[in-house]
Every structure is written in structure tokens, then in C-alpha cells.
Amino acid sequence: MDRAHLYYGGQWMPPLGTGVITVENPTTEEVIARVPAGDASDVDAAVASARAAFPAWAGLAAAKRASYLEALHRELSARAEQIAHTIATELGTPLKIASRVQTQLPLKVLEGYAAMAAAPPEPEVVGNSLIVCEPIGVVGAITPWNYPLHQIMAKVAPALAAGCTVVLKPAELTPLVSYLLFDAVHAAGLPAGVLNLVTGEGAVVGAALAAHPEVDLVSFTGSTAVGAEVSRLASARIARVCLELGGKSANIILDDADLPRAVKTGVANAFLNSGQTCTAWTRMLVAASRYEETLALITEAVGGYQMGDPFDSATRIGPLVSAAQRERVKGYILRGINDGARVIAGGLDAKVPDSGYFVAPTVLADAEPDSVVAQEEIFGPVLVVMPFDTDAEAVEIANNSRYGLAGAVWSEDEERALSVAWQLRTGAVDINGAAFNPLAPFGGYKQSGNGRELGTHGLTEFFEVKAIQR
Ligand code: NAD
């Protein structure tokens with residue numbers, strides 16, 4: 001599984017940097033591959049090839065650009081099984097979810113942007129002005145490990161559809177799936193330099209990309225702390241930055257909710273991908289009149305979460321991505337207990353598989369809204385539960401966060417649920433478990449980021465707007 005090259009100028013290229021990244025299987029704790037850790041000179045070479053490719057790609061007829069994205073979709077679809085296996089292996093996502101969410105969702109996103117590439121926005125006429133959208137230029141894309149292909153696709157597909165060229169720096173914990181993407185890019189025959197890959201450490205390759213004078217837009221998904229650093233690097237040259245950052249989303253269960261459904265869906269959402277999901281509903285806010293009833297349903301639901309090998313079909317929850325992530329999550333559970341929260345499921349003493357970076361799915365009840373576990377993003381299978389008395393108090397607790405990425409409301413009264421949804425300061429709210437819509441804009445308020453991904457809003461991020469007066 002070792003890969004020895006980077007990809008730019010339409011070719012597999014030997015790295016100029018001499019470093020190596022070792023990739024681990026978090027279930028077996030074995031090293032499964034080595035990939036290059038590039039350096040700033042690799043970034044220079046890849047950005048130069050993206051810059052050289054930009055005018056021709058930007059100038060291509062819409063139908064032709066769309067046909068390249070369609071070819072990429074075909075090549076990637078042909079590798080779907082291999083992609084799901086690779087993500088289950090390098091990240092630990094149970095195979096069923098690795099296939100349905102981690103693989104099929106990015107394919108759907110790519111398909112959607114191929115269609116948008118074929119029908120670019122028409123120029124707008126406002127008085128004597130003709131208003132046109134033009135691709136912004138060279139994009140630096142920096143992505144995390146938790147949905148490794150989806151987060152790449154949410155940047156690369158709209159950027160290419162808009163007419164931009166891209167240099168990608170994927171997360172060092174899960175680089176293997178990006179190699180499968182570039183196998184598909186090569187097979188699809190994308191013009192040289194349109195899409196380029198430099199693997200490496202964040203502080204080296206990521207920072208060089210964010211600071212590069214020839215990168216016009218930095219599209220970053222990751223933690224709020226690194227997002228702030230990326231912004232700082234890009235601001236020195238006034239480069240545009242699109243940030244998708246952390247979250248601490250609230251799931252508000254009002255007193256008239258269908259409780260069994262709200263709890264089942266809420267727990268599943270919190271523990272999806274071992275809780276390593278930026279939009280995870282990690283704070284469950286429950287009407288005080290139904291609090292004890294809800295805790296009993298939660299404990300019952302969590303009992304059904306079997307931990308284990310991602311390739312075992314009975315497994316619902318895999319390991320965390322790394323030993324460091326496991327220790328971080330365990331530290332938060334201890335902190336929650338010390339701060340007075342009550343463990344009603346899982347916890348530090350719960351039995352976990354002998355090998356692998358497992359943490360038992362854990363529920364902390366009675367947490368104080370201002371406590372560390374109710375405020376900080378844990379990024380593991382830890383659900384915090386808190387009671388509220390009125391709808392207004394639920395909104396206040398939900399909005400008491402530096403984040404504002406997602407959220408949920410449950411009520412049998414749709415008007416009431418909508419009223420709460422309107423009051424949440426977040427980029428998305430799901431009412432009564434409504435389905436994820438990959439064409440709806442995705443992004444955060446407050447420290448969850450700026451800009452939007454997915455759908456037409458996600459495409460717009462990659463445009464400059466020009467007004468021509470006649
Ligand atoms: P991270 O911030 O540590 O790393 C993200 C990427 O940034 C990686 O590719 C990393 O190598 C790179 N990086 C690290 N230091 C850098 C630097 N100094 N300059 C430039 N790049 C650098 O995040 P992570 O641990 O990979 O991912 C988890 C975080 O991502 C969580 O906070 C999660 O909420 C967030 N996330 C957000 C979204 C969203 O859409 N809002 C989606 C998924 C994950």
C-alpha cells in the first residue's frame with residue numbers, strides 16, 4: 001500500500017522533501033503504509049503547475065469542463081469498493097458507513113457539480129451593468145481526516161466546476177484515500193495541473209500552501225485553532241479564505257416530541273463515525289418534564305452500539321482515528337466526571353476491544369451548560385445531556401457556544417419547531433430528523449467558520465464577481 005509520489009503537472013512526481021508519513025490502522029494499531037511528507041519546495045512546484053493550467057481550464061467551454069468531471073465521476077465510481085475499504089482501514093469507520101456515507105456522498109457531490117459545471121451562472125443585468133462570475137484562480141485545499149474523501153470533494157468538485165485549479169493537502173492520518181482519488185484523476189485524463197496533490201505535515205505543507213503568494217483562495221476544513229492560523233497566513237496577502245471548522249451542536253427535544261425516535265436518531269447522530277463528525281449533535285437538551293424518561297431511552301439505545309472491527313457487519317462503532325485522539329477523548333470524560341456530570345452509559349471503565357483505539361460510547365447526564373464538556377468539541381463518542389424548562393431556555397443553552405455549525409429540534413408541532421430553528425445561531429438545523437441534503441449550503445456561524453460548501457452556495461465561493469458598465 002506504500003505510495004512514493006506526489007501528483008502535479010498531470011504526473012506522479014517524486015517528492016523533493018525527504019520526509020515520510022507512516023499510516024496506521026487504528027483497529028489493529030499496525031503500520032499499513034508509508035507516503036511522502038512533502039515540503040515547501042513540493043508546494044512551490046505543485047502551485048506552479050496549477051497556475052500554469054489555470055488560464056486554459058478557466059477558458060474551457062462549460063460542456064467540456066463538465067465532461068471532465070463526469071469522467072472523474074466514472075473513474076471514482078469504479079473504485080467505490082476500494083475507497084470504502086481504504087477508509088474503513090485507515091480511519092476505522094464501519095464498512096457499511098464507509099460505503100454509504102464516506103464513499104457514496106462524495107460521489108453524489110461530484111455528480112451534482114458536474115451538472116452545475118455544464119450550466120454555469122448566466123451573467124446578470126443590473127441597470128447599465130453586466131455582472132459576471134469568473135473563477136478566482138488557484139485554490140489551496142487543506143482537509144481533515146474524519147470524512148477524508150467527502151471533505152476533499154466538497155472543495156475540489158466546486159472549485160473545478162467554477163474553473164479554478166487546485167492543490168490539495170489531505171490530512172496526514174488518512175492520506176491513502178486521496179491516492180485513490182488521484183488514480184481516478186489520472187485515469188480520467190484531467191488536463192495537466194488542474195488538480196494536484198502534495199501530502200505532508202500541516203505545519204509544513206499546509207502552512208506553505210496557506211502562505212503561498214500564488215494561491216488565490218485557501219479552502220480549509222479542520223479545527224478552529226488551525227483555521228485561525230490559516231487565516232492569519234492568508235491575510236498577509238489578502239487572499240480569500242473559506243473555513244469549515246469545529247462544532248458543538250445542540251439537539252433540542254421539546255416536551256411534545258416523539259421521544260423514542262428523537263433519542264434513537266439523536267444518539268445515532270452523536271456516535272456516527274465514533275463521534276468524529278463536525279456536525280455531531282453532541283449536546284442533547286431535553287425538556288425537564290421528560291428528562292428521566294429520556295435518560296432511560298438513551299441508556300437502552302447505547303446498549304445496542306457494538307464496538308469492534310469495522311469489517312464485522314455487527315459493528316456499529318469503530319475505534320478513534322489515533323492513540324492521541326483516544327487519550328484526548330478519555331481526558332474529556334474524566335474532566336466531565338470531575339466537574340459533576342453523571343455517567344449513564346459507557347465511561348472510562350467500560351470494556352473495549354483488546355486492540356485498537358476504542359473509547360466506549362459514553363453519555364454524561366446533568367452536565368452544566370458552562371462546563372468544559374458542554375462547551376468544548378470532544379470529537380469522540382461522548383454525548384452530554386442537559387435539562388431545560390422552557391423553549392426560550394433551550395434556545396439560550398443551545399446558543400451558549402462559541403460554535404454555530406448545526407443543530408436539531410424535535411416537536412410534534414412543526415410551527416413550534418420552526419420557531420426554535422429560526423432562533424438558533426447555526427448554519428443548519430434539522431427538524432424531526434429530516435434527511436441531509438447535499439445540495440443545501442453547509443457551513444458555520446461564529447467560530448464554526450465562514451463561507452459555505454455544497455450546492456450553489458458552495459460553487460459561489462470560488463468566483464470573483466465583475467461588474468461591466470455599458
Ligand atoms: P486539524 O485542524 O488538526 O487539521 C486539519 C488540516 O489542517 C490537516 O490537513 C492538517 O495537516 C492541516 N494543518 C495542521 N496544522 C496546519 C497549519 N499550521 N497550517 C496549515 N494547515 C495545517 O483538524 P483535524 O484534527 O484533521 O480534524 C478535526 C477537526 O476538523 C475538528 O475540529 C472538526 O470539527 C473539524 N471539521 C470541520 C468540518 C466542517 O465542515 N465544519 C468538517 C470536518 C471536520
Side-chain angles (χ1 to χ4, degrees), residues 19 21 35 37-38 40 43 90-91 101-102 105-106 109 140-155 167-175 177-178 197-212 215 218-236 239 241-249 272-282 320-322 324-325 328-329 332 376-380 401-406 426-428 436 438 440-454 457-458 461:
I21 292 172
V35 304
V43 173
E90 67 179 344
L91 176 56
V101 182
Q102 299 265 21
L105 177 58
V109 169
I142 304 173
T143 56
W145 44 263
N146 58 330
Y147 289 86
L149 184 60
H150 172 64
Q151 279 137 357
I152 290 171
M153 202 51 79
K155 301 181 184 316
V167 177
L168 168 69
K169 197 249 63 75
E172 46 273 60
L173 287 170
T174 54
V177 71
S178 44
L197 172 72
V198 182
T199 47
E201 300 292 339
V204 180
V205 173
L209 202 51
H212 204 290
V215 170
V218 186
S219 180
F220 172 85
T221 299
S223 61
T224 295
V226 176
E229 171 64 6
V230 164
S231 269
R232 198 186 61 74
L233 292 170
S235 72
V241 171
C242 181
L243 302 172
E244 300 292 340
L245 309 176
K248 190 76 187 178
S249 298
L272 178 67
N273 206 30
S274 298
Q276 302 166 126
T277 302
C278 53
T279 51
W281 305 336
T282 48
L320 294 175
V321 70
S322 65
Q325 190 69 9
R328 187 170 171 268
V329 172
Y332 272 116
E376 294 189 13
E377 183 182 51
I378 298 174
F379 230 55
S401 173
R402 70 182 175 120
Y403 296 112
L405 190 55
T426 63
F436 178 73
F442 179 96
Y445 286 23
K446 299 191 265 183
Q447 291 186 29
S448 287
N450 54 34
R452 291 294 179 269
E453 292 194 321
L454 305 184
H457 290 265
E461 293 291 333

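Heavy-atom basis, side chains included; hydrogens, waters and symmetry copies ignored. Whatever order the structure lists ligands and atoms in, that order sets their numbers, starting from 1.
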Asker: Does any N or O in the side chain of E172 come within less than 3.5 Å of the main-chain N or O of W145, such that one atom is a donor and the other an acceptor?
Answerer: no
Asker: If we check side-chain hydrogen bond (donor to acceptor under 3.5 Å, both in side chains) with Q151, which of these qualifies: N146, T221, T143?
Answerer: N146
Asker: Please determine whether a side-chain nitrogen of the Lys or Arg among E376 and K248 lies less than 4.0 Å from a carboxylate oxygen of the Asp or Glu.
Answerer: no
Asker: Report all protein residues having a heavy-atom distance below 4.0 Å to some atom of ligand 1; order the list by chain, then number.
Answerer: I142, T143, P144, W145, N146, Q151, K169, P170, A171, E172, G202, A203, G206, A207, F220, T221, G222, S223, V226, E229, V230, E244, L245, G246, C278, E377, F379, L405, F442
Asker: Using a 3.5 Å distance criterion without hydrogens, assess whether the side chain of Q276 forms a donor-acceptor pair with backbone atoms of N273.
Answerer: yes
Asker: Between R452 and E461, is there a donor-acceptor pair closer than 3.5 Å when you use the side chain of the first and the backbone of the second?
Answerer: no
Asker: With distance as the sole test, does T426 use its side chain to make a donor-acceptor pair with the main-chain N or O of G404 at under 3.5 Å?
Answerer: no
